[in-house]
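Being a predicted model, the structure only gives us computed values, none of them experimental.
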Amino acid sequence: MAKNITTQEKDYSQWYLDIIKEAKLAQHSPVRGCMVIRPNGFALWENMRDELDRMFKETGHENAYFPLFIPKSFLSKEAQHVEGFAKECAVITHSRLINSENGVDVDPTSKLEEELIVRPTSETIIWDTYRDWIQSYRDLPILINQWANVVRWEMRTRLFLRTMEFLWQEGHTAHATQVEAEEETRKMLEVYKTFAQDFMAMPVVTGVKTASERFAGAIDTYCIEALMQDGKALQAGTSHFLGQNFAKAFNVTFQDSDGQVKYVWASSWGVSTRLIGGLIMTHSDDHGLVLPPRLAPTQVVIVPIWKNEIERTTVLSYIASIRKELTDAGVRVKLDDRDNFKPGWKFTQYEVEGVPLRIAVGPRDAQNGNIELARRDTREKSIIPNENLGTFIPNLLEEIQSTLFNAALARRERDTHAANSYEEFKQILDEKGGFVYAHWDGTEETETRIKEETKATIRCIPFENPYPGKGKCMVTGNDSDQMVLFARSY
RNA sequence: CGGGGCGUAGCGCAGCCCGGUAGCGCAUCUGCUUUGGGAGCAGAGGGUCGCAGGUUCAAAUCCUGUCGCCCCGACCA
């Protein structure tokens, strides 16, 4: 058992923080609610980013970059949007410091004519720009993504899950027709689902948000929802059909092939460093982080073992060919031949850091033509011959990838229930947690009441319902078209 | 914004009640022995005790203020 990691059973929240600390993913910064993403965490983010970026480009998108600062007036142009973000905007009021007895002070003479907002999201400045880019239907669609940081002044923060500044991507697309914009919204949700499941090995439910959970300024918000090990849901990504709301607010029109001037249709979609929190809470255990091989910065770590200089030379030369074979096969391999840590220490450390496979090689293995192989996911250890590792190891990494997904899927299915009455609903939430499907009459009043009484929210109205069919609302008894997905959430 | 906790060596903490040479563990450096699941011994370096006032011969310790961070709840990706 790894030292310094609180068990999940004892305190899940503390366990989560311990994992981040011990796996060196991130640390708190001197600024409240902000974090330093350490090399281990950032390498993970880079792999996620690269894969998503590839998927965005395969679906026809281009990257661009828009400013960090947004004129205050832009925020006020779309009423719903303003209302949604007004409470959490950082505002820049001055441009200069002056020396003072206290060190430095804000120079009162440097007050800005128009205050600037640090972007909480970029719809406004992007749609202000799109107005210049779009005249004709021939200018459409515009399929843009940007990788950026954004700031939302949160009351309460948690590393990765909710920080005041976070990294994300935001896609912003402009289309000639409603159908096309809606298709784009759904297409990108599918991209997120594929990424979450195939790369993060994190099963997700796709669906549409209710009005109260909808993105400010959207007509519809689609989401991927994942279920964490402690039975709480995590919104892992969102995709919004924005209708013509921003086009109207920023007067973005085009002349269509029929000669008429029309407003442009829009979508936006994003995932953030929050995904790292979801990854942690999907796979990791009391021994530390567990990373899916497809995203792990290091897929295989090789730990050599020796007693003296002769053994060291023998073992390291034996390892050299193994390392080359794996590297040639496209495996991300790290050799840790440091002499100031003992093998046992390294074993534990790489386990804590979540490296999917560990190969240990000592004099005996070099002598016998073997390697010792340890899997992080099952923690099984075996001695195998040093043969065909260039095909064996990649295959094993893929097996680990699917084992992790299957385990996460089995856990989600175990923790997914259907409630046929409000009493049963509350009982499931209190005793088991997890996803709970239940009938709801479709009104905001009922939704609010359920939230106030149980702290559970409607995560989504799922596209694929495991409990299809009409029924009666568990609270009011009114008609319900289908069960919707409830959970307590992060 | 409420409730709780904490600021003392790079990290984790004790010391504070009862004022009197600033300590412990880990980490770091040196040397030797070690290396198949978080090594051992010996030695060494490292501090304006969050900040500002006050009381006192004397303040990490008592008093007053102030700043910051974390955790738990009300809003949100």
Between the protein and nucleotides 65-69 of chain B, which nitrogen or oxygen pairs are less than 3.5 angstrom apart?
{"unit_1": "rC69(B)", "atom_1": "OP1", "unit_2": "Arg32(A)", "atom_2": "N", "d": "2.8"}

(request) Just name whichever nucleotide pairs with rG23(B), Watson-Crick or G-U, keeping both distances under 3.5 Å, else none. (result) rC13(B)
(request) Return yes if a side-chain donor-acceptor contact under 3.5 Å exists between Thr185(A) and Ser239(A), otherwise no. (result) no
(request) Round to a whole Å and report the spacing from CG of Asn340(A) to C1' of rC29(B). (result) 12 Å
(message) Does the structure show a Watson-Crick or G-U wobble partner for rG38(B), both distances under 3.5 Å? Name it, or say none.
(response) none
(request) Measure from CZ on Arg379(A) to P on rG37(B) and round the result to the nearest Å. (result) 13 Å
(request) Scan side-chain atoms only and decide if Asp336(A) and Tyr350(A) contain a donor-acceptor pair under the 3.5 Å cut-off. (result) yes
(message) It should be established whether Ser13(A) places a side-chain nitrogen or oxygen under 4.0 Å from OP1 or OP2 of nucleotide rC72(B).
(response) yes
(request) Assign Tyr490(A) to base, sugar-phosphate, or nothing according to its heavy-atom contacts below 4.0 angstrom with the strands shown. (result) nothing
Return all side-chain donor-acceptor pairs below 3.5 angstrom for residues 204-220 of chain A, not counting sequence neighbours, or 'none' if the list is empty.
{"unit_1": "Lys209(A)", "atom_1": "NZ", "unit_2": "Glu225(A)", "atom_2": "OE2", "d": "2.8"}
{"unit_1": "Lys209(A)", "atom_1": "NZ", "unit_2": "Gln235(A)", "atom_2": "OE1", "d": "2.9"}
{"unit_1": "Lys209(A)", "atom_1": "NZ", "unit_2": "Arg459(A)", "atom_2": "O", "d": "2.8"}
{"unit_1": "Thr210(A)", "atom_1": "OG1", "unit_2": "Ser212(A)", "atom_2": "OG", "d": "3.4"}
{"unit_1": "Thr210(A)", "atom_1": "OG1", "unit_2": "Glu447(A)", "atom_2": "OE2", "d": "2.6"}
{"unit_1": "Ser212(A)", "atom_1": "OG", "unit_2": "Glu447(A)", "atom_2": "OE1", "d": "3.2"}
{"unit_1": "Ser212(A)", "atom_1": "OG", "unit_2": "Glu447(A)", "atom_2": "OE2", "d": "2.9"}
{"unit_1": "Arg214(A)", "atom_1": "NE", "unit_2": "Ile219(A)", "atom_2": "O", "d": "3.1"}

(request) Between rU35(B), rA77(B), rC76(B), spot the one nearest the side chain of Glu88(A), thanks. (result) rC76(B)
(message) What's the gap between rG2(B) and rA74(B) when it is taken at their P atoms, as a whole Å value?
(response) 16 Å
(message) Between Ser268(A) and His172(A), do the side chains contain a donor N or O and an acceptor N or O under 3.5 Å apart?
(response) no
(message) Under a 3.5 Å cut-off for both contacts, is rG7(B) paired Watson-Crick or G-U wobble with anything, and if yes, with which nucleotide?
(response) rC67(B)
Residues 33-43 of chain A, side-chain donor-acceptor partners within the protein, below 3.5 Å, at least two apart:
{"unit_1": "Asn40(A)", "atom_1": "ND2", "unit_2": "Ala23(A)", "atom_2": "O", "d": "2.9"}
{"unit_1": "Asn40(A)", "atom_1": "ND2", "unit_2": "Glu353(A)", "atom_2": "OE1", "d": "3.4"}

(message) Any side-chain N or O of Lys342(A) below 4.0 angstrom from OP1/OP2 of rG36(B)?
(response) yes
(message) Can you tell whether the side chains of Lys455(A) and Asp430(A) come within less than 4.0 Å, N to carboxylate O?
(response) no
(message) Does Gln27(A), at its CD atom, have more than 12 non-hydrogen atoms belonging to other residues, nucleotides or ligands within less than 6.0 Å?
(response) yes
(message) Measuring only the C1' atom in each nucleotide, how far is rU55(B) from rA59(B)? A whole number of Å is fine.
(response) 10 Å
(message) Working to the nearest 0.5 angstrom, can you tell me the gap between Leu167(A) CG and Trp147(A) CH2?
(response) 9.5 Å
(message) For the P atoms, the ones on rC51(B) and on rG40(B), what distance do you get once it is rounded to whole angstrom?
(response) 35 Å
(message) Whole angstroms only, please: what is the CD-P distance between Glu309(A) and rU33(B)?
(response) 13 Å
(message) Classify Lys381(A) by what it touches in the nucleic acid, base, sugar-phosphate, or nothing, heavy-atom distance under 4.0 Å.
(response) base
(message) Using a 4.0 Å heavy-atom cut-off, does Asn308(A) contact any base of the nucleic acid, only the sugar-phosphate backbone, or nothing at all?
(response) nothing
(request) Quick one: look up who rC1(B) pairs with, Watson-Crick or G-U, both distances under 3.5 Å, and put none if it's unpaired. (result) rG73(B)
(message) Strictly below 4.0 Å, N to O, side chains only: are Arg375(A) and Asp377(A) in salt-bridge contact?
(response) yes
(request) Rounded off to whole Å, could you give me the CD-to-C1' distance for the Glu154(A) and rA77(B) pair? (result) 8 Å
(message) Heavy-atom nearest nucleotide on RNA chain B for Thr163(A) versus Lys455(A): which residue maps closer to 5'?
(response) Lys455(A)
(request) Can you tell me, in whole Å, how much space there is between the P of rA60(B) and that of rG53(B)? (result) 14 Å
(message) Can you check the distance between rU64(B) and rC71(B), where both ends of the measurement are the C1' atom (answer in whole Å)?
(response) 28 Å
(message) Without decimals, in angstroms, what is the distance between Arg338(A) CZ and rG38(B) C1'?
(response) 13 Å
(message) As a test of reading the structure: which of rA77(B), rG37(B), rU35(B) is closest to the side chain of Thr348(A), going by heavy atoms?
(response) rG37(B)
(message) Can you check the distance between rC17(B) and rC76(B), where both ends of the measurement are the P atom (answer in whole Å)?
(response) 47 Å
(request) Report the distance from atom CD1 of Ile359(A) to atom P of rG36(B), rounded to the nearest whole Å. (result) 19 Å
(message) Treating primed atoms plus P, OP1 and OP2 as sugar-phosphate and everything else as base, which nucleotides of nucleotides 1-13 of chain B get B, S or - for protein heavy atoms under 4.0 Å?
(response) -------------
Only distances under 3.5 Å count here; give the side-chain donor-acceptor pairs of residues 84-93 of chain A to other protein atoms, sequence neighbours excluded, each with its distance to 0.1 Å.
none

(message) Any base atoms under 4.0 Å from Lys346(A), or only sugar-phosphate, or nothing? Heavy atoms, all strands.
(response) nothing
(request) Just name whichever nucleotide pairs with rU61(B), Watson-Crick or G-U, keeping both distances under 3.5 Å, else none. (result) none
(message) Assess whether a salt bridge exists between Arg186(A) and Glu183(A), defined as any Lys/Arg side-chain N lying under 4.0 Å from an Asp/Glu carboxylate O.
(response) no
(message) Does the structure show a Watson-Crick or G-U wobble partner for rU56(B), both distances under 3.5 Å? Name it, or say none.
(response) none
(message) For the C1' atoms, the ones on rG5(B) and on rC13(B), what distance do you get once it is rounded to whole angstrom?
(response) 15 Å
(request) Round to the nearest Å and state the distance from Ile20(A) atom CD1 to rC70(B) atom P. (result) 13 Å
(message) From C-beta outward on Trp345(A), which listed nucleotide comes closest to its side chain: rC75(B), rG38(B), rA77(B)?
(response) rG38(B)
(request) Take atom CH2 of Trp269(A) and atom P of rA77(B), then tell me their distance rounded to the nearest Å. (result) 19 Å
(request) Answer with base, sugar-phosphate or nothing: what part of the nucleic acid does Leu161(A) contact at a heavy-atom distance below 4.0 Å? (result) base
(message) Taking the C1' atom in each of rC49(B) and rA14(B), what is the distance between them to the nearest angstrom?
(response) 13 Å
(message) My understanding is that a pair needs two contacts under 3.5 Å, Watson-Crick or G-U wobble. By that rule, which nucleotide pairs with rG43(B)?
(response) rC29(B)
(message) Please tell me if Arg158(A) has a side-chain N or O lying less than 4.0 Å from either OP1 or OP2 of rC72(B).
(response) yes
(message) If the condition is side chain to side chain contact (heavy atoms under 4.5 Å, CB included), which residues does Asn370(A) pass it with, not counting sequence neighbours?
(response) Asp365(A), Asn368(A), Ile383(A), Pro385(A)
(request) Can you tell me the pairing partner of rC18(B) across any strand shown, Watson-Crick or G-U wobble, with both distances under 3.5 angstrom? (result) none
(message) Need to verify one output field. Residue with the more 5' nearest nucleotide on RNA chain B, Phe160(A) or Val361(A)?
(response) Val361(A)
(message) Counting the atoms with a prime plus P, OP1 and OP2 as sugar-phosphate, which does Glu372(A) contact under 4.0 Å by heavy atoms, base, sugar-phosphate, or nothing?
(response) base
(request) State whether a side-chain donor-acceptor pair under 3.5 Å links Thr121(A) with Glu123(A). (result) yes
(request) Look at all strands and tell whether Gln349(A) reaches a base, only sugar-phosphate, or nothing, counting heavy atoms closer than 4.0 Å. (result) base
